[in-house]
A.B. asks: 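First the structure, which I've put down as structure tokens, then a few questions once you've had a look.
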Amino acid sequence: MKRVPFTKDQLEAIVTKYPTPFHIYDEKAIRENARELHKAFSWNEGYKEYFAVKALPNPVICKILAEEGCGFDCSSLTELMLSKALGVTGSNIKFSSNATPAEEFEFARALGATINLDDISHIDFLAKHGGIPEVISCRYNPGGDFVAGNAVMGSPGEAKYGFTRPQLTEGFNRLMALGVKEFGLHAFLASNILDERYYPALAKTLFITAAELMEDTGAKIAFINLSGGVGIPYKPEDKKQDIFQIAGDVEKAYNEVFGPLGIKPAIFTELGRYMTGPYGYLVSRVLHQKHTHKEYVGLDACAANLMRPAMYGAYHHITIMGKEGAPRDHMYDVTGALCENNDKFAIDRMLPEVDIGDLLVIHDTGAHGHAMGYNYNGRLRSAEVLLKEDGSTELIRRAETPKDYFATIDFLGLNDIV
Ligand SMILES: *Cc1c(COP(=O)(O)O)cnc(C)c1O
């Protein structure tokens with residue numbers, strides 16, 4: 001059974017301070033999970049997690065993760081700015097961008113961020129815009145399907161990212177000629193994978209490729225970046241990934257490939273979803289019920305607050321507060337207010353009988369949730385609230401107001417109306 005970190009009474013008290021809808025994040029659980037990850041990879045001396053900021057770009061959450069020893073994985077100007085504002089700079093930033101504007105490379109270089117190049121053509125582009133650093137990383141795309149065990153986990157051949165294998169050799173040689181002294185190798189081949197074989201299989205591919213590149217080019221390999229992709233249990237029947245098993249199997253592959261070579265590159269990860277996904281909840285109120293060709297529950301939250309169900313058909317578990325143990329014997333479509341029929345958090349979902357006024361909590365919104373929000377239909381982005389370790393709460397992003405919505409179209413007297 002999936003749980004929420006508050007009771008109905010506690011949540012009713014919280015919503016008197018912050019009107020629904022809002023996302024609320026569980027600080028204690030985020031910290032504990034980050035500590036467990038670091039423990040699992042502690043066999044590697046240089047290990048570091050670079051939190052993928054795009055998953056939850058809230059400075060308070062990012063600060064919590066920085067306190068737990070994480071750096072940041074950024075891929076845009078504003079993510080770099082956020083990182084800078086938190087005092088996280090230099091090699092504590094990985095800049096893993098693609099189709100990168102010149103000023104973003106320049107800003108990343110000014111911060112001393114480690115650049116993860118997405119393409120061989122970016123070597124010349126970076127040389128012009130920011131300059132080639134002494135330490136650089138390249139992103140690998142092996143093409144085809146990525147298979148681990150007997151499972152196809154992703155289709156990198158269809159992905160826009162990364163260098164091909166021959167481009168890596170050519171790129172390393174050119175970068176060395178331009179003054180690079182140390183290299184990293186990166187790949188992100190599959191997303192939200194609930195299979196403990198993914199990271200070790202990816203690691204082995206990268207380790208072997210790094211060893212080949214060392215031999216082909218004489219390059220010094222300083223780190224291997226396993227990026228993101230470790231999945232979380234969205235469905236009640238899914239299980240949390242065993243991070244100790246994953247890290248242990250990565251270690252086996254590491255010793256197998258690098259042991260004989262006598263090198264000890266650092267292992268980096270750029271987990272996003274795994275770091276915060278399960279520890280966020282979208283809190284909403286049931287506003288309407290509708291009985292037509294189907295049974296509908298209408299919320300004060302909509303896809304603008306959480307896009308994943310509409311965009312990917314993603315499952316997000318739902319808890320009706322106060323009815324946690326009640327039989328799930330009613331079938332509903334749970335909808336928001338967008339004039340867009342895919343604005344449904346759940347379709348044909350079995351839930352306890354819902355009443356107007358119920359507090360409805362949507363699980364696992366801590367990554368790629370609020371961050372993917374948008375303003376379609378003039379809907380406003382919600383607040384974000386931190387549930388602190390002592391049980392108190394803090395507003396860590398206010399909700400948008402109409403004034404925010406009209407801020408970029410400041411004419412027709414719009415800003416006087418609001
Ligand atoms: C999105 C992203 C991640 C994080 O992915 P998750 O699936 O959230 O773990 C890591 N690295 C890069 C380069 C990304 O674009």
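Counting starts at 1 for both ligands and their atoms, in listed order. In this chain, numbering begins with 1 at the start of the sequence shown. Only this structure's heavy atoms are used, side chains among them; waters, hydrogens and symmetry mates stay out.
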A.B. asks: Identify which one of Val60, Ile30, Ile24 satisfies the side chain to side chain contact (heavy atoms under 4.5 Å, CB included) criterion when paired with Leu386.
C.D. replies: Val60
A.B. asks: Is it the case that Lys94 places NZ or CZ above or below the six-membered ring of Phe223, under 6.0 angstrom from the centre and within 45 degrees of the axis?
C.D. replies: yes
A.B. asks: So, His317 versus Tyr234, ring centres under 6.0 angstrom or not?
C.D. replies: no
A.B. asks: With no hydrogens and no angle check, just 3.5 Å: does a side-chain donor-acceptor pair link Glu384 and Tyr25?
C.D. replies: yes
A.B. asks: Looking only at protein heavy atoms, which one is nearest to atom 5 (O) of ligand 1, and how far off is it?
C.D. replies: Phe188 CZ, 3.4 Å
A.B. asks: With a heavy-atom distance limit of 4.0 Å, tell me whether Asp73 approaches ligand 1 through its side chain, its backbone, both, or neither.
C.D. replies: side chain
A.B. asks: Write out the residue and atom name of the closest protein heavy atom to atom 7 (O) of ligand 1, then the distance separating them to 0.1 Å.
C.D. replies: Gly229 N, 3.4 Å
A.B. asks: Considering only protein heavy atoms, which is closest to atom 1 (C) of ligand 1, and at what distance to one decimal place?
C.D. replies: Lys54 NZ, 1.3 Å
A.B. asks: For ligand 1, is there an N or O atom under 3.5 Å from any N or O atom of Gly272?
C.D. replies: yes
A.B. asks: Quick one: nearest non-hydrogen protein atom to atom 13 (C) of ligand 1, plus distance?
C.D. replies: Glu270 OE1, 3.4 Å
A.B. asks: Has His368 got any heavy atom lying under 4.0 angstrom from an atom of ligand 1?
C.D. replies: yes
A.B. asks: Can Thr365 and His23 be counted as having a side-chain donor-acceptor contact under 3.5 angstrom?
C.D. replies: yes
